[in-house]
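Every chain is numbered from 1 and lettered A, B, ... according to where its sequence line falls, protein lines coming before strand lines.
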2 protein chains.
Amino acid sequence: MATLYGLGVGPGDPDLITLKALKILQTAPVIAYPATMSGDSMARAIAAPHIPAGRTELPFAIDIRTVHDANEERYDTAAAGIAAHLQAGRDVAVLCEGDPFLYGSFMYLFARLAEDWPVVVVPGISSLNAAAAALARPLVAGNETLTLIPATLPEEQLAARLKACEAAAVLKVGRHLPKLKRALAAAGLLERADYIERIGFAEQRQLKLRDLGDDAAPYFSIVLVRRAAESIR
Amino acid sequence: MATLYGLGVGPGDPDLITLKALKILQTAPVIAYPATMSGDSMARAIAAPHIPAGRTELPFAIDIRTVHDANEERYDTAAAGIAAHLQAGRDVAVLCEGDPFLYGSFMYLFARLAEDWPVVVVPGISSLNAAAAALARPLVAGNETLTLIPATLPEEQLAARLKACEAAAVLKVGRHLPKLKRALAAAGLLERADYIERIGFAEQRQLKLRDLGDDAAPYFSIVLVRRAAESIR
């Protein structure tokens, strides 16, 4: 019986793929990946140096900027396309930016296919771990909690979550940047926030969030913040 | 000038190291790693298949079961040992279980050495990402928040954090298991909790938390929980 693989390819640098994901990527006959509505695929771009020539490729278009409901049909279609290959006995490796099970589109395919097919998930480096490394900034230590917060939340909820956190990684910043800055200010955390975008790509850029204008940030940008005044030592 | 590397080696499976960490590991002349007071090193055990013969090894003993203060002097000693190699022009790679900046002991060496030496941190697969993959259980989706909570917190704080979370990964379970079960029950989450220990090792074991006895769990065990009744789809 053919196997469906969910392969975390990490946040950007092709060398941040794991050996385990690499081995599967080099042998799977079919390689699927999410793409934007205009056909760009960040997951494929990250894995590109590792994809052998001559593989069957199966991109599926997802609109990451819209609510999930609008993508339901697209995931149905993608799952059907993958299932057809599995049915024909061909393993399918789905490339996933970052980690497949942390806000990844793979989980929507998993929900559609895991009952009928064997699934192996290979974890990937999450963007927050790569952000901490690139910013030379520990995420969390000792008895502290760390909250992962999507910037897509309504402003009040965003501010409430930030007020309650000890340390936070705010993901999916993108066009939510002005709202996020207001919420961080309301939570008394704006001065402590670091910003990074396009981690691991040539265009990587990082600065103190307070020094960043209110123009829209790329979707794959992250803000790290920690409440404690003293540094981790 | 010699460089200090903090290398995430992942949570257990040697194949969950990244290509980037592997390349550095294969060339660094000095390899340092935390060990228990009895001399065992989980980080070294994970990386063992990748360590070339003839490297200088520099284990440093840390008591992970005690409060951080008691380890201050041990970190001072470890940092001095590492600095001596850097001073002599030799790069030092510190092996870190999971990710160096997510509750990792590396951050305490970083705090002591980063002002004087160039430091490169290579992120690693965190145990929570590996736990989600092994349990075939998505961590968090859409607009949900995910809170990382150390089980070492006092019971009241643990219960309060769990009550306020949408999804949580509880780390460092170990001897805090009975307390954690009470806190999860108080937060109405015990029935939804999955438990996994020794992820990626031959002794990996996973079960519903409610089916686990109150005996102490290994330190490196994790509980995943999500409040929403509906599955991610």
Measuring from [X]:[atom1] to [Y]:[atom2], what's the distance to the nearest 0.5 Å?
{"X": "D63(A)", "Y": "N71(A)", "atom1": "CG", "atom2": "CG", "value": "6.0 Å"}
{"X": "D91(B)", "Y": "I82(B)", "atom1": "CG", "atom2": "CD1", "value": "12.5 Å"}
{"X": "I46(B)", "Y": "I125(B)", "atom1": "CD1", "atom2": "CD1", "value": "12.0 Å"}
{"X": "Y103(B)", "Y": "L148(B)", "atom1": "OH", "atom2": "CG", "value": "5.5 Å"}

Flag the pair [X] and [Y] as a salt bridge only when some basic side-chain nitrogen lies within less than 4.0 angstrom of an acidic carboxylate oxygen.
{"X": "R205(A)", "Y": "E197(A)", "value": "yes"}
{"X": "R226(A)", "Y": "E166(A)", "value": "no"}
{"X": "R227(B)", "Y": "E144(B)", "value": "no"}

Taking every heavy-atom pair that is under 4.5 Å apart, which of [options] has the most such pairs with chain A?
{"options": "A132(B), C165(B), G142(B)", "answer": "G142(B)"}
{"options": "L102(B), I149(B), L22(B)", "answer": "L102(B)"}
{"options": "Q157(B), K20(B), K23(B), K172(B)", "answer": "K20(B)"}
{"options": "D15(B), V122(B), V121(B), L128(B)", "answer": "D15(B)"}
{"options": "T147(B), N129(B), L171(B)", "answer": "N129(B)"}
{"options": "G8(B), G6(B), A151(B), P150(B)", "answer": "P150(B)"}

- Please say which of D194(B), L177(B), V173(B), V225(B) ends up in a side chain to side chain contact (heavy atoms under 4.5 Å, CB included) with L209(B).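 It is L177(B), the one option of D194(B), L177(B), V173(B), V225(B) that forms the side chain to side chain contact (heavy atoms under 4.5 Å, CB included) with L209(B).
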
Whatever's closer than 4.5 Å to a heavy atom in chain B on N143(A) counts as both

So, the part of L109(A) with a heavy atom under 4.5 Å from chain B: the answer is neither

Side chain, backbone, both or neither: which part of F110(B) has a heavy atom under 4.5 Å from chain A?
->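 Side chain only.
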
Side chain, backbone, both or neither: which part of S126(B) has a heavy atom under 4.5 Å from chain A?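 When you check distances to chain A, only side chain atoms of S126(B) fall under 4.5 Å.
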
Notebook entry, point to check: Pick from T18(A), V119(A), T152(A): which one has the most heavy-atom pairs with chain B under 4.5 Å?
Noted result: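 When all of T18(A), V119(A), T152(A) are compared, T18(A) has the most.
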
